[in-house]
2 protein chains.
Amino acid sequence: MITLAEENYLKAILSISLNFDGKVSTNAIAGEIGTTAASVSDMLKKLQDKKLVKYKKYKGVSLTKKGNSFATSVIRKHRLWETFLVNNLNFDWGEVHDVAEQLEHIKSEELVDRLDTFLDCPKFDPHGEPIPAKDGKIPTTNTIPLNKLSEGTNGKVMGVTLDEKPFLDYLTKLNISIGTEIKLLEKIPFDQSISIKIVNTKQHISNDVAKHLLIKTN
Amino acid sequence: MITLAEENYLKAILSISLNFDGKVSTNAIAGEIGTTAASVSDMLKKLQDKKLVKYKKYKGVSLTKKGNSFATSVIRKHRLWETFLVNNLNFDWGEVHDVAEQLEHIKSEELVDRLDTFLDCPKFDPHGEPIPAKDGKIPTTNTIPLNKLSEGTNGKVMGVTLDEKPFLDYLTKLNISIGTEIKLLEKIPFDQSISIKIVNTKQHISNDVAKHLLIKTN
DNA sequence: AAAAAAGTTTAGACATGTCTAAAAATTAAG
DNA sequence: CTTAATTTTTAGACATGTCTAAACTTTTTT
């Protein structure tokens, strides 16, 4: 049986793997989960014993096939629940993360299958993040982070890669949501901040914001 | 903060209180939860410290106002989730208990409120059990267990008081569900078993089954 | 390549919740 | 009303998951 804490570690390892490649470091996991490196070390040994990760002391960790499958399943559940919360219970996209963090650990394959059907098998969650299918396949998009676009490019916001309320509230204030048309006007070399046009209004945003916006160019 | 284990103890104490009156015994709780009397003793001390129960060694336990309020809230959540699972995810009424046991511990008042609204503020769950309102008030019914009816009485099944798959599956096999019209034909003094008429078919059921069927007489 | 800094692991402790076995209190029986 | 049976509590142990402090690797700097 896999515990709640173990699921959270696997999910954290997968999240980090998706952004950086190579082995995942103890500190990175500690940062993601909000715990100490010592606790992570302890847990990695346990996950190793359960063949959920491949781990060499001081050398970082990676998921086994089995570990990857569990982690993917947790992310699938998280995103399906977020979809339910926003689509059916009228939660705002910034309010669903904490509740989904709890719901993702409910154990029932039947429940997930039926929820998926109920929601019409969505491919993306309310933040535009891909929802892994039952078989673990993750829908792909040909999107690029806004900060990688070149000046003058037009595109549409397809997703955000940060699920935190302050960030999402700020986007809402900027009138940015999934589907918003954006034109990149100017990139400032000094701080990598950028000017954009949204529905005929000029806005200026930092690189930290831009890098979390996934754009599909027209 | 109240933990998952504590919630389960409070719920168990409330369940037992509803069926028998007076103080609740350690053994009864152990039986309900499926643990040992020793574990119950330990936990009662902790619940006492948190002012969730009133407890005198060897003398049984009862819920404080605060404890009762938590326990009622857990039951509210359990029954709302069961309603969702049956009404919206097309689960059978015998399949929802275990999943609802997990869902009832999700912490978010907002979630419960919105789920309640989504379901149209149901007063009874798929088993006919009353769903406590947000303020803790429990809808009442003037129903009696089938085994307490007298011969010749007609009535309608309004609820069942046992949420276990083998029992519910058996009812389904007998063609009994919420709303079924039943006539009590004969009570056998020897074993308290009874003969009933359901949609013009005669059936014979044990007292153990009859006592868990709540009937509203015509 | 040695010293310093950064990252990681171990050791020991603690909190939660569980268990078994033994002791104590209560209730029932003769 | 004293013994026996039942119920309940305590004592001590264990598993999980966390933490701090100290020790140990690895990487970076000089």
Side-chain angles (χ1 to χ4, degrees), chain A residues 1-13 16-17 19-63 67 70-71 74 101-102 104-107, chain B residues 1-13 16-17 19-63 67 70-71 74 101-102 104-107:
Chain A
M1 197 45 168
I2 189 167
T3 69
L4 190 147
E6 287 166 351
E7 285 193 347
N8 281 332
Y9 274 92
L10 295 177
K11 190 176 63 142
I13 296 167
I16 298 165
S17 309
N19 295 324
F20 310 91
D21 43 82
K23 300 276 180 169
V24 174
S25 76
T26 301
N27 256 0
I29 298 169
E32 179 81 12
I33 290 187
T35 184
T36 61
S39 302
V40 176
S41 267
D42 286 347
M43 182 56 94
L44 290 182
K45 269 181 263 167
K46 294 175 194 164
L47 294 173
Q48 167 95 293
D49 290 346
K50 291 195 172 183
K51 316 254 169 160
L52 293 165
V53 302
K54 226 184 299 185
Y55 170 55
K56 274 263 182 69
K57 284 206 298 191
Y58 296 102
K59 299 297 182 186
V61 73
S62 61
L63 294 171
F70 272 109
V74 175
E101 289 266 282
Q102 297 178 65
E104 74 191 11
H105 300 294
I106 303 291
K107 281 171 182 36
Chain B
M1 198 46 169
I2 190 166
T3 68
L4 190 147
E6 287 166 350
E7 285 193 347
N8 281 332
Y9 274 91
L10 295 177
K11 190 176 65 142
I13 296 168
I16 297 164
S17 310
N19 296 324
F20 310 91
D21 42 83
K23 300 276 180 170
V24 175
S25 76
T26 302
N27 255 0
I29 298 169
E32 177 82 12
I33 291 188
T35 182
T36 61
S39 302
V40 175
S41 268
D42 286 348
M43 181 57 94
L44 291 182
K45 271 181 263 166
K46 293 175 195 164
L47 293 174
Q48 167 93 294
D49 291 345
K50 291 194 175 185
K51 315 252 169 163
L52 293 165
V53 302
K54 229 184 296 187
Y55 168 55
K56 273 263 181 69
K57 284 205 300 190
Y58 295 103
K59 298 298 181 186
V61 73
S62 61
L63 294 171
F70 272 110
V74 174
E101 289 265 281
Q102 297 177 64
E104 74 191 10
H105 299 294
I106 302 292
K107 280 169 185 38

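We name chains A, B, ... by the order of the sequence lines, and we start the count at 1 in each one. Worth knowing before you read on, the calculation uses all heavy atoms, side chains too, and leaves out hydrogens, waters and symmetry mates.
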Completion exercise
In 5'-to-3' order, the base (B), backbone-only (S) or no-contact (-) status of each nucleotide in nucleotides 9-22 of chain C, using a 4.0 angstrom heavy-atom cut-off, is BB------BBBBB-
Of all the heavy-atom pairs spanning [X] and [Y], show the shortest one and how long it is.
X      : Y      : result
B/K11  : B/V74  : CD-CG1, 3.6 Å
A/V53  : A/L44  : CG2-O, 4.0 Å
B/A30  : B/A37  : CB-N, 3.9 Å
A/A5   : A/M43  : CB-CE, 3.8 Å
A/E101 : A/H105 : O-CD2, 3.0 Å

Completion exercise
Partner of A/V61 under side chain to side chain contact (heavy atoms under 4.5 Å, CB included), picked from A/L52, A/V40, A/V24, is A/V24
Practice task
Please report how far the helix from C/dA1-D/dT30 to C/dG30-D/dC1 bends, comparing the axis fitted to its first five pairs with the axis fitted to its last five, to the nearest 10 degrees.
Solution key: 10°
Problem - Phosphate-side-chain proximity, B/N27 and D/dT8, N/O vs OP1/OP2 below 4.0 Å - result: yes
Practice task
Determine yes or no for a side-chain-to-main-chain donor-acceptor pair under 3.5 angstrom, with B/Q48 supplying the side chain and B/Y55 the backbone.
Solution key: yes
Exercise for the section: Could you tell me whether the side chain of A/K50 and the main chain of A/M1 form a donor-acceptor pair under 3.5 Å? Expected result: yes
